[in-house]
Amino acid sequence: MDTTQLLKGALDAAVLAVVQRDDGYGYDIVRRLREAGLGEVGEASVYGTLRRLYSAGSLSSYVVPSDGGPHRKYYAVTPQGTASLAAQAADWNIFAGAMSALLDVAGDASGAPAKGGAR
Amino acid sequence: MTDTTTQSGPASIAAFAARVRAELNDLPAEEVDELVDGLEADLADQAADAGEGFALPDAVAYAAELRAAAGLEPRAPRRRGGRGAALLERWRARARSEWERAMQVPLVASAAAFVASLRPVWWLLRGWVFFAIFGAFLGTAHSVVGAPANIGAWIVLLALIVASVQWGRGLWLQRRWLRVTRSAVTAITAVALPFVLVDFMNSLERAAYSVSTTYYEASTPGLAVDGVRVRNIFAYDAQGNPLDGVQLFDQNGSPLNTVGQEDSVAASDSYFNCGGGPVTVPLTVAGRGGLWNVYPLNEVPAEDACVDPANAQGLAAPAPRPYDSVAPIGQAATEPSAGPSPSPSGEPSAEPSVGPNAGPAGEPSPSAGPTEAPSAAPSATTGDS
C-alpha cells in the first residue's frame, strides 16, 4: 500500500504529536518523524505542514541563535494545537479501530470459511 | 527539467534554495520567507545526515510539495504577457493572502459563509435584472419595471432565470463564447442592479398609487354610473310621458339615493355643491324628513356658487327635464322629441315624438305596459315645503 497516501491525512496529527513531545525545528522534526517509522515522509511536506499549522494557530515559533551556525526557528504547540491534536487523536482511534476490525474480518475470511462468532 | 544533482555543497544548496524561491515568486514575499526560511540550514543538516548518498531533490516538485502541504494554491500556469500580467498575478496573490488572513477572523469567516450561501439569490436577480434591461430595450415594458407584460415576456424571463442559475451552477459554459457572455452579462447586471431596483421600486409605488386612486374614485359616495356621479333621475312612463314623484328602491328594498347612505340626511347634495353644477335637494314631507329617493329631485340651479344647505330647500325648483317626453316603449327608439326643455315646468308634450310611419309597432305592446306605480306614493307636491 502506498503509505504516502495514508500519510497525507495523518501528517498534521503526526507533526503535532512530534512537536508536542518536544519543541523542534524543521529538519529536526522530519528526522524524528522518520525515526518514529514514517520513513517516506517528504521534507517539503513537513515544512509546508509546519507553516500551515503555524498560520492556523496550532503552533507558535521562536528563533534560537546557534553558535557558528544559522539561526533555527523552533516550533512549539499552542493550547489550540493541543486541543486540535486531542480531537485528531480521538478521530484517528475510531478510524483505526474500524479499519482494524474490518481488516481482521477480511483476514479471517481469507484464512478459512469460518462462520463462528456469529451466534 | 530535472534538477537532481548529486552535488551537495553549500553553493548548490544555495542555488537550489534560489530555484525554490523562484518557483514561489507568485506568492507574497512574506509568505515565501516564512516557507523557505531555514531551508538551507535544513538541507545542510540533511546532507550531513545522508552523507555521500545525498541528492538534492527537484526544485519544482519540492516547491509544489511545499505549497500543497502549506495549503496554498498550486502555481498558476505561466501566462503570456509581460510585466503587466506578472503584476496582476502578484496583486491577485496578495489579495488572496489578505483574504485568507481575513478569513482567520471568525466573524469575517461566518459573514463570508453567509454571503456565499446567498449566491442563488444573485443568480435569480441576475436573470431578472437582465430581463428588465432587455424589456426596456424592446419597449415592451410593463408599467412596473421588470414585470412581464404578457405570456411571451414570462417565457423570456423564465428562460433567462434558468440560464442564469445554470451558469451559477457551473453548467452551460462548455464553449468559450458562453463564458465570455456569462462574464459580460454578470458585469452588466451587477452595474445595472441598483438602477433597476430603484426604477422597480418607483414604478411599483406609482402603480400602487394609481390603484389606490382608482379605488378612491370607485368608492365615491353616492350613486354613480361608470364612476360618474348621477345627480338626478328622470322617469317616463310606458307612453313616454314624464313622471313626477317616482319612488325608487334597490333590490334590498333600500331607498335608492343619489347621495349615498352617509349623505341621506343632508339637506342638499354636497357632491355637486360649489361648482359641480346644480345642487339637488330631497323632497321634504312633514314628519318624515328629507326623502332622497323621490324623483326627479328639485334642484338649486347654482352652477358655480356655493349653496348654504340651510337655505337650499327655499331656493330649489323643479329640475329641468332632459326630454319633455320620450318615445313610447313599443316604438322603435329614435330621437327623443326634444332637447332639454328651457322651461322648468316640464309639461309633457302632447304630440307623439315620432311619426306613425316610423315603425310598425305603433301601439304599446302588452309586455311594455305601464309599470305599476307604487301604491303608497307620498304627496308628490314637489317644490317648497
Side-chain angles (χ1 to χ4, degrees), chain A residues 4-16 18-19 23-35 38-75 78 80-81 84, chain B residues 3 8 10 13-14 16-17 19-21 23-24 27-28 30-51 54-75 96-106 109:
Chain A
T4 55
Q5 287 299 320
L6 291 178
L7 205 53
K8 252 181 200 171
L11 191 56
D12 282 21
V15 168
L16 280 173
V18 163
V19 178
D23 294 0
Y25 62 88
Y27 184 65
D28 173 45
I29 293 164
V30 173
R31 192 153 43 191
R32 279 153 60 190
L33 284 168
R34 286 182 178 159
E35 280 166 6
L38 304 177
E40 292 181 39
V41 70
E43 310 97 61
S45 294
V46 175
Y47 303 151
T49 300
L50 284 169
R51 170 66 190 147
R52 185 163 41 78
L53 291 172
Y54 173 79
S55 296
S58 291
L59 293 176
S60 60
S61 74
Y62 53 95
V63 172
V64 174
S66 70
D67 302 330
H71 293 344
R72 292 290 192 183
K73 189 180 187 177
Y74 274 69
Y75 288 96
T78 63
Q80 185 192 322
S84 171
Chain B
D3 278 341
S8 58
I13 286 174
F16 173 79
R19 280 200 296 278
V20 172
R21 276 181 177 275
E23 281 300 310
L24 301 173
L27 300 173
E30 196 186 333
E31 185 69 43
V32 177
D33 283 344
E34 287 291 339
L35 271 173
V36 183
D37 187 37
L39 173 62
E40 292 175 50
D42 285 333
L43 283 167
D45 274 8
Q46 202 179 338
D49 267 8
F54 178 72
L56 280 168
D58 173 43
V60 175
Y62 188 92
E65 192 181 333
L66 206 53
R67 272 171 190 275
L72 299 167
E73 300 271 312
R75 186 186 179 91
R96 199 184 302 128
S97 87
E98 288 297 326
W99 171 251
E100 274 158 13
R101 181 171 305 177
M103 293 297 277
Q104 303 280 329
V105 182

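Just so we're on the same page: letters track the sequence lines, and every chain starts at 1. Values below: all heavy atoms of this structure, side chains included; hydrogens, waters and symmetry mates excluded.
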Exercise. Does one side chain, of D45(B) or Y25(A), offer a donor that lies under 3.5 Å from an acceptor on the other?
Worked result: yes

Exercise. Side chain, backbone, both or neither: which part of S55(A) has an atom under 4.5 Å from a heavy atom of chain B?
Worked result: backbone

For this session: Apply side-chain contact (heavy atoms from CB on, under 4.5 Å) to R72(A) and D42(B), showing your working.
Result: CA-CA 9 Å; R72(A) 292 290 192 183; D42(B) 285 333; 3.4 Å; yes

For this session: May I have the step-by-step check of side-chain contact (heavy atoms from CB on, under 4.5 Å) for E43(A) and Y62(B), ending in yes or no?
Result: CA-CA 9 Å; E43(A) 310 97 61; Y62(B) 188 92; 4.0 Å; yes

For this session: Might you point out which heavy atoms bring S45(A) and E65(B) nearest each other, and give the distance in Å?
Result: OG-OE2, 2.5 Å

For this session: Please confirm whether the backbone N or O of E34(B) pairs with a side-chain atom of R51(A), one donor and one acceptor, at under 3.5 Å?
Result: no

Problem set entry | chain B contacts, top residue of A44(A), G26(A), G48(A) (heavy-atom pairs, under 4.5 Å) |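 Highest number of heavy-atom pairs under 4.5 Å: A44(A).
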
